[in-house]
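When reading the values below, keep in mind they use all heavy atoms of this one structure, side chains included, and skip hydrogens, waters and symmetry mates.
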Amino acid sequence: MQYVEVREAPFDPWQYLAEWQSQHPLDARAGATAVFVGTMRDFNEGDDVTGMYLEHYPGMTERQLETLVAASVQEWSLDAALVVHRVGEIAPAQPIVLVAVWSAHRAEAFDACRHLMETLKHTAPFWKRETLTDGSVRWVDKNTPG
């Protein structure tokens, strides 16, 4: 089972996971779940950041995420995987991304979750524009190391 969502509305990742799991029950084979939640920081490159606008190209972004999820499910024989990613106005401390994977064993779950998140960060077509405390804005030109 694979699921991808790109959304503007803020979300609580733990509530989202609980609702998703209740709607998509997995069989008893899935003995491990690995979850990553990315949250907006209030600093970047030595500056205080008061907000961020995250842009994407609708359709292309979802296809890229679906391709990444499908590749991960196949490579690690996952029982399920999901990615939820925010776009639009995001405030510090708000969740930006949720990655969750389910597999028979923890090694595959940990490896797949990390790989999926790192690949997403480097290949998914998102563009970030930060607002600094002095009101200036700038585009983020690189990701921070994992």
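- In this pair, His24 and Tyr3 present their aromatic rings tilted. The plane angle is within the 30 to 60° band.
- Taking 4.0 Å as the cut-off between side-chain N and carboxylate O, Glu55 and Arg129 count as a salt-bridged pair.
- Grouping the Ile, Leu, Val, Met, Phe, Trp and Tyr side chains by contacts below 4.5 angstrom, directly or via other members, places Trp14 with Trp20.
- Under the side chain to side chain contact (heavy atoms under 4.5 Å, CB included) rule, Gln2 has a single partner from Val69, Leu68, Leu65, which is Val69.
- The closest donor-acceptor contact from the side chain of Gln94 to the backbone of Ala91 lies under 3.5 Å.
- Looking only at distances, a side-chain donor or acceptor of Thr50 sits under 3.5 Å from a matching main-chain atom of Thr131.
- A cation-pi arrangement is found for Arg41 relative to Phe43, the charged atom lying closer than 6.0 Å to the ring centre and inside a 45° cone about the ring normal.
- Using cut-offs of 30° and 60° on the angle between ring planes, the pair His115 and Trp76 is tilted.
- Between Leu54 and His85, the closest heavy-atom pair is CD2-CE1, 3.5 Å.
- No option in Asp27, Asp79, Thr33 other than Thr33 meets the side-chain hydrogen bond (donor to acceptor under 3.5 Å, both in side chains) test with Trp102.
- Environment of OH in Tyr57: sparse, with no more than 12 heavy atoms of neighbouring residues, nucleotides or ligands closer than 6.0 Å.
- Here the side chain of Thr61 pairs a donor or acceptor atom with the backbone of Pro125 at under 3.5 angstrom.
- The cluster map of Ile, Leu, Val, Met, Phe, Trp and Tyr, joined by side-chain heavy atoms under 4.5 Å apart, puts Val6 and Met60 in different clusters.
- The main-chain N or O of Glu19 is found under 3.5 Å from a side-chain atom of Ser22 such that the two form a donor-acceptor pair.
- Under the 3.5 Å distance criterion, the side-chain polar atoms of Arg138 are left unmatched by any main-chain donor or acceptor of Asp141.
- Side-chain atoms of Glu75 never come within 3.5 Å of backbone atoms of Ser72 as a donor-acceptor pair (strictly under, hydrogens ignored).
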